[in-house]
Amino acid sequence: MEYRKLIKSAREAQKKSFSPFSNFKVGAALMTKEGKIFTGTNIECASYSLTMCAERNAVFQAYFAGEREFKAIAVACDTEEHCSPCGACRQALAELCGEDLEVIMLNINDEPKIMTMKELLPMAFTKEALK
Ligand code: THU
């Protein structure tokens, strides 16, 4: 699967980051199974815990548009380390996008590291547990 367009979309989204406190800019681009792309960036609040990550903003945009089936998400940041979704985002992605979602983590050089949600969050708590 060619993810060049998805990676470019994540980089574009990253430019819109509102992160005056951390100055850590993150961009996310989520692709549906049909190939539609929804993007998000991190938005920070002075009351820090109200900050919302790029990944969850992208997922919520897609859900708002009625999308429910997803193929991959690209996450971009500007560090040498690959941008790995935080714990809260892993939970949201596992629940809302499924354990087969491919997570394309990028470093500053756009070198991708690809893992599935299942690998990033084994034994996720999902709605199946409530049955
Ligand atoms: N951040 C994300 O947007 N995604 C992640 O997976 C990790 C962290 C944001 C939240 C905050 O605005 C900044 O990065 C520093 O934690």
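Just follow the structure's listing: the first ligand is 1, and inside any ligand the first atom is 1.
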- Query: If we only count heavy atoms from C-beta on, is the Cys53 to Val26 side-chain gap below 4.5 Å?
  - Reply: no

- Message: Quick one, Cys45 and Met52 - any side-chain contact, counting heavy atoms below 4.5 Å?
- Response: no

Test item, [X] contacting ligand 1 (heavy atom, 4.0 angstrom):
{"X": "Ser19", "answer": "no"}
{"X": "Cys77", "answer": "no"}
{"X": "Cys89", "answer": "no"}

Specify the protein heavy atom at minimum distance from [atom]: its residue, its atom name, and the distance to 0.1 Å.
{"atom": "atom 3 (O) of ligand 1", "answer": "Ala54 N, 3.0 Å"}
{"atom": "atom 9 (C) of ligand 1", "answer": "Asn42 ND2, 3.6 Å"}
{"atom": "atom 14 (O) of ligand 1", "answer": "Phe24 CD2, 3.3 Å"}

- Message: Below 4.0 angstrom, counting only protein heavy atoms, does anything approach atom 16 (O) of ligand 1?
- Response: no

- Side chain, backbone, both or neither: Cys53 near ligand 1, heavy atoms under 4.0 Å: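 It is both backbone and side chain that touch ligand 1.
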
- Within reach of ligand 1, part of Ser84 (heavy-atom separation under 4.0 Å): backbone

- Note on the structure: Between Gln14 and the options Thr39, Asp78, Thr41, the side-chain hydrogen bond (donor to acceptor under 3.5 Å, both in side chains) test singles out Asp78

- Task: Measure up the Tyr63 and Phe70 rings against each other and bin them: parallel (under 30°), tilted (30 to 60°), perpendicular (over 60°).
- Result: parallel

- Task: Could you tell me whether Cys86 and ligand 1 have an N or O pair separated by under 3.5 Å?
- Result: yes

- Task: Identify, by atom number and element, the atoms of ligand 1 in contact range of Glu55, meaning under 4.0 Å from any of its heavy atoms.
- Result: 2 (C), 3 (O), 4 (N), 5 (C), 6 (O)

- Numbering as shown, the atoms of ligand 1 that approach Glu44 to under 4.0 Å (heavy-atom distance):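 Counting from 1, the qualifying ligand atoms are 11 (C), 12 (O), 13 (C).
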
- Message: Set out, in order, the CA-CA distance, both residues' side-chain angles and the distance that settles side chain to side chain contact (heavy atoms under 4.5 Å, CB included) for Leu30 and Cys97, then state yes or no.
- Response: CA-CA 9 Å; Leu30 176 65; Cys97 302; 4.2 Å; yes

- Item | Enclosure of Glu111 CD (heavy-atom neighbours >12, cutoff 6.0 Å) | yes

